[in-house]
Amino acid sequence: MKQIIDSIIEKIAEAFQKEFSVEIKKEEIKLQPTKKEFEGSYTFVTFPYLRHTKKMPEQTGEIIGEYLTKNEKSIASYNVVKGFLNLSIEHSVWINLLGEIAQNENYGKGEYHGKKVMIEYSSPNTNKPLHLGHLRNIFLGYSLSLILKENGYDVMKVNLINDRGIHICKSMVAYQKFGNDEEPTADLKGDKLAGNYYVAFDKEYKKQIQELTEKFTKENPGKKEEEIKTIAENEAPILQEAKEMLRKWEAKDPEILTLWEKMNGWVYEGFDITYNKIGVDFDKQYYESDTYLLGKDLVEEGLSKKTFFKKEDGSVWVDLSEEGLDEKLLLRADGTSVYITQDMGTADRKHQDFPMESSVYVVGNEQEYHFKVLKLIMKKLGRDYADGIYHLSYGMVDLPSGKMKSREGTVVDADDLIDQMEETAKSRTSELGKIDDFSKEEAEKLYQSLALGALKYYLLKVEPRKRMLFNPEESIDFQGDTGVYLQYNHAKISAITRKAKEDGIDFSFDSYKELTSIEPLEEEVIYQLSLFPEKLCEAGENYSPSTIAGYAYELAKTYSRFYAESPIFGEENKAKKSFKIALSNQVANTIKRSLHLLGIESPERM
RNA sequence: GGUUCGCUAGCUCAACUGGAUAGAGCAACUGCCUUCUAAGCAGUAGGUUCCAGGUUCGAGUCCUGGGCGAAUCACCA
């Protein structure tokens, strides 16, 4: 379709030259889709050019429209409303276009250019199971990796696992105290087990704070409540134990390391089950226990380049006030590193492992400041990849009761949610009774596809930066603008192509290329199909799976109208019947490709 | 307090990066299954796009000021 649009634009430029004697650059001329209420497919807006044409908007439109119908054979007719010139395209152009799209199964796929991009997502802590917020992160990252690959990138998916630190020690301490050597079972995955002890730690910690506060208040009647609370929080014995454990861990205490490895191993097994179930994977895993000491040589490098500076106490800082930010600590006075130090080192390590032009971090929006700083620092250190650092920031998933908090156990657990949705899929499906001949395995697989389809689409259709509200009381829809609707349309069309093949109907381009006329809805469906390449491209440029979701829904909706009004196998005209089947088949293919880019499967039957 | 982000129908979200009468889904109401899958289709109703100015042929979109909400500005990660 691009050639046709380009050709029309060229002719518009020509019209300006011949009719108005003005030179307008082709790049300045834009066509936009015609609004549904008006006749036509593409619209040219005349307002910006009136100072050149020195004519009224309607007149300008008429003159250009007249010129185009005479000189551009793809234009069938035109109409001018106010200053908008609406162009209708010849039916034969649409028919040929369908043929072209149908013959190219990679229609719209970006040419492989080999530019490297790394996408980091998921990045879980090993002290708690995955919840709904993680799912938004994971689905975004995974979908984005597919979208960029389809746009011709060489993509590396990585997971940076946060496997050390005080929070990990908290669940370990609680396990030591209350665990009684409990082990994961079929009913209790390893990540769930660890998560339970993280919650147990918090419970005990709160209890101790309460006790200490009461005790201190008695002992120091005059003291401010807040001060006492702060002291209690710091002095609670169980927290001291966790801190002590972290010191031992850093000193490589064998007993602690054994416990750490054992518990983390359980968690990884638990995570793998979930990753596997939701159909995502990674090309490489990084562990923070390997990377947390990195970055110190970068601090040295920065000092010698005088990019960083040392304060009297020996701590190292960078001054970002020119960039409108503050001074930022990079190394503590005792020589230990902070969060940003690690991330600097990790950025370099990643680039050594995979020399990428851009590096995408799928991380929640509460870390926007952190990544802004990281990018600036790496730039100051002269890293050429710094410009390619991109923080794909997304909003939190909130519950009606507020924020999800793992340590308080107020989260929507990922596994539970998926199980629950599979149940819904199961009961809906059996109510409808369309797959009674399925084997048990086939049926289970379908429920899973539908449950994940609904969930992934639900999380991906919303623009990432918006926070979203999830109400567990109202289950995720299977109707309307949903993943299931798209899957349903795919399955519906699959039935048509199955029947066509059984009946031995040819629906290749040859079978309908003689057709001269098509219906408006058919034209609209082909128009939608022709948008796939630009939508794919746009999704890649904006790192935006929601673009694909919105596109697929529009396509399916347009097709559904066609499907409802226009019987296919009842069609008398043979060429027309073949055309309708080809059109349907192409819609199914495009829906399938779009869903695939969102990480969603397209069942043949449902 | 500074910075960033968000605010569109009762609810959840769109709006092709400045275009025409702001669109979908859910919820409500009306029709449509003896013909290719009704997890669907068609329709009714629902709006001061947070407010006030400005820029221009044209503003939900850009600028200024204000309101509400969130995040962040840690020697936590």
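All values below were derived from every heavy atom in this structure, side-chain atoms included, with hydrogens, water molecules and symmetry-related copies excluded. These numbers were taken from a predicted model, which means no experiment stands behind them. Naming: A, B, ... by sequence-line order, numbering from 1 per chain.
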Side chain A:S546 and base B:rA14 donor-acceptor under 3.5 Å:
no

Aromatic stack A:F84/B:rG19: centroid gap under 5.5 Å, interplanar angle under 30°:
no

Ring centres within less than 5.5 Å and planes less than 30° apart: is that true of A:F47 and B:rG19 in this structure?
yes

With hydrogens left out and only the distance checked, is there a donor-acceptor pair under 3.5 Å joining A:N542's side chain and the base of B:rC16?
no

Tell which nucleotide pairs with B:rC32, taking only Watson-Crick or G-U wobble pairs whose two distances are both under 3.5 angstrom.
B:rG40

B:rA20 base to A:T43 side chain: any donor-acceptor pair below 3.5 Å?
yes

Check: A:W260 ring centre within less than 6.0 Å of A:Y287 ring centre:
no

Could you check whether A:Y527 and A:Y42 have their ring centres less than 6.0 Å apart?
yes

So, for A:F44 and A:Y49, is the gap between ring centers shorter than 6.0 Å?
yes

Hey, is A:F38 stacking on B:rA20? Ring centres under 5.5 Å, planes under 30°.
yes

Between the side-chain atoms of A:N489 and the base atoms of B:rA39, is any donor-acceptor pair under 3.5 Å?
no

I need the CZ-P distance between A:F478 and B:rU37, as an integer number of Å.
21 Å

So, does A:Y512 use its side chain to make a donor-acceptor pair with the main chain of A:K577 at under 3.5 Å?
no

With a 3.5 Å cut-off and heavy atoms only, can you find an N or O donor on one side and an acceptor on the other between the side chain of A:D326 and the base of B:rU3?
no

Map A:H167 and A:K36 onto RNA chain B by nearest heavy atom, then report which one ends up closer to the 5' terminus.
A:K36

